[in-house]
Amino acid sequence: MGCGKTTVGRLLAQRMAWKFVDLDSLIEKEEGSTIAEIFSRVGEAAFRQRERALLERIVSEIPQAGGRVVALGGGTFAQPANLELLQRSQAITIWLECPVEELLMRCALVSNRPLFRDEASFRQLHEERLPYYRQATFTVRSGPDDPREVVQQILSLPIFRGIQCHTEPGLPRPTTRSLVE
């Protein structure tokens, strides 16, 4: 929650010329309500069931051209069944690791996060989710960095070697260790 999944995911998809899917936005569109309203109306358990169904649908869809970048909600990856689904489907997962102090600062200013109640509960939730996040295929540090720099870190991962992408103005060209233009 608050690490920049949507922003970084959208930028990464643009650089890769891949489709971008934001799971929370998809849920809101299909339900006609915000995540906070869904939590309030039906509770977290029912929300997680809907989230799981949409994640299964996304995973089963075959991307039309190239690939796709999917931004998962902060709790999606921390659900054992979702983690298993992603691992079984051989999805490449990337944890945007962000210092908890930075997350707190970002989330405190936003009112639409149903699981952000106060600092103590946020810290506890973060600690509970860490063992799941650490199971991601890759970890990339985010934080106060420009999201475009986080994208560049992702593009430098070994899994992206040899994949062409669009050059982002103002950023260094990919190295031979990352992408070939």
Side-chain angles (χ1 to χ4, degrees), residues 1-29 35 51-103 105-107 126 129-181:
M1 185 184 332
C3 68
K5 298 176 297 293
T6 299
T7 301
V8 170
R10 185 172 285 117
L11 289 170
L12 177 62
Q14 288 172 353
R15 290 282 309 271
M16 301 297 297
W18 287 358
K19 179 180 179 182
F20 175 71
V21 178
D22 182 289
L23 184 58
D24 281 351
S25 294
L26 183 60
I27 292 168
E28 289 179 339
K29 180 180 176 186
I35 300 297
E51 175 184 65
R52 166 72 182 192
L54 285 173
L55 182 60
E56 286 177 340
R57 187 174 87 196
I58 291 167
V59 167
S60 69
E61 291 173 350
I62 298 171
Q64 294 181 350
R68 81 182 136 218
V69 176
V70 181
L72 302 177
T76 309
F77 203 73
Q79 307 303 309
N82 293 339
L83 179 56
E84 181 185 320
L85 171 66
L86 292 165
Q87 290 171 336
R88 195 174 57 246
S89 69
Q90 299 180 336
I92 302 302
T93 56
I94 301 170
W95 173 31
L96 299 182
E97 183 181 22
C98 187
V100 71
E101 300 302 326
E102 180 78 18
L103 297 173
M105 189 172 64
R106 292 177 185 179
C107 292
H126 184 259
R129 290 177 174 180
L130 282 176
Y132 296 98
Y133 295 161
R134 289 181 177 134
Q135 293 181 59
T137 313
F138 296 100
T139 299
V140 171
R141 294 198 47 82
S142 67
D145 296 336
D146 182 319
R148 293 175 304 158
E149 292 174 12
V150 177
V151 169
Q152 194 59 39
Q153 288 180 59
I154 293 169
L155 293 173
S156 296
L157 293 170
I159 193 75
F160 291 106
R161 282 191 197 139
I163 298 176
Q164 293 192 8
C165 70
H166 300 284
T167 302
E168 179 73 24
L171 288 180
R173 291 185 170 283
T175 66
T176 55
R177 292 207 58 215
S178 61
L179 301 176
V180 177
E181 285 188 24

Requested in this report: Examine distances only and state if a side-chain atom of Thr137 and a backbone atom of Ile92 form a donor-acceptor pair shorter than 3.5 Å.
Outcome: no
Query raised in the report: Say you draw a straight line from OG1 of Thr93 to CG of Leu83; how long is it, rounded to the nearest 0.5 Å?
Result: 7.5 Å
Query - Euclidean distance, Ile154 CD1 relative to Ile94 CD1, rounded to 0.5 Å - result: 4.5 Å
**Report entry** Euclidean distance, Leu72 CG relative to Ile58 CD1, rounded to 0.5 Å
**Finding:** 8.0 Å
Query raised in the report: At what distance, to the nearest 0.5 angstrom, does CD of Glu149 lie from OG of Ser142?
Result: 12.0 Å
Query raised in the report: Once you round to the nearest 0.5 Å, how far does CG of Asp24 lie from CD1 of Ile35?
Result: 4.0 Å
Query raised in the report: With no hydrogens and no angle check, is any side-chain donor or acceptor of Tyr133 less than 3.5 Å from a backbone partner on Gly74?
Result: yes
Query raised in the report: Is a side-chain donor or acceptor of Arg52 paired with a backbone partner of Gln79 at a separation under 3.5 angstrom?
Result: no
Query - CZ-CZ distance between Arg68 and Phe20, expressed to the nearest 0.5 angstrom - result: 12.5 Å
Query - Side chain to side chain, Leu130 and Tyr132, heavy atoms closer than 4.5 Å - result: no
Query raised in the report: Would you call Met16 and Leu155 a side-chain contact if the rule is heavy atoms closer than 4.5 Å?
Result: yes
Query - Short side-chain donor-acceptor distance under 3.5 Å, Thr139 and Glu97 - result: no
Query raised in the report: Does Glu61 reach the side chain of Val21, with side-chain heavy atoms less than 4.5 Å apart?
Result: no
Requested in this report: Applying side-chain contact (heavy atoms from CB on, under 4.5 Å) between Arg148 and each of Leu11, Thr7, Val8, report the one that passes.
Outcome: Leu11
Query raised in the report: Hey, does Ile159 have a side-chain heavy atom less than 4.5 Å from the side chain of Phe138?
Result: yes
Report task. Verify, without hydrogens or angle tests, whether Ser60 (side chain) and Glu56 (backbone) share a donor-acceptor contact under 3.5 angstrom. Result -> yes
**Report entry** Close side-chain approach of Val69 and Arg10, heavy atoms under 4.5 Å
**Finding:** no
Query - Val70 vs Lys5, side-chain contact (heavy atoms from CB on, under 4.5 Å): CA-CA, chis, key distance, verdict - result: CA-CA 9 Å; Val70 181; Lys5 298 176 297 293; over 6 Å; no
Query raised in the report: Asn82 side chain to Phe77 main-chain N or O, any donor-acceptor pair under 3.5 Å?
Result: no
Requested in this report: Output yes when a side-chain donor or acceptor of Gln153 lies under 3.5 Å from a complementary backbone atom of Arg141, and no otherwise.
Outcome: yes
Report task. Decide side-chain contact (heavy atoms from CB on, under 4.5 Å) for Leu86 and Leu55; before the verdict, give the C-alpha distance in whole Å, the side-chain angles of both, and the deciding distance to 0.1 Å. Result -> CA-CA 9 Å; Leu86 292 165; Leu55 182 60; 4.2 Å; yes
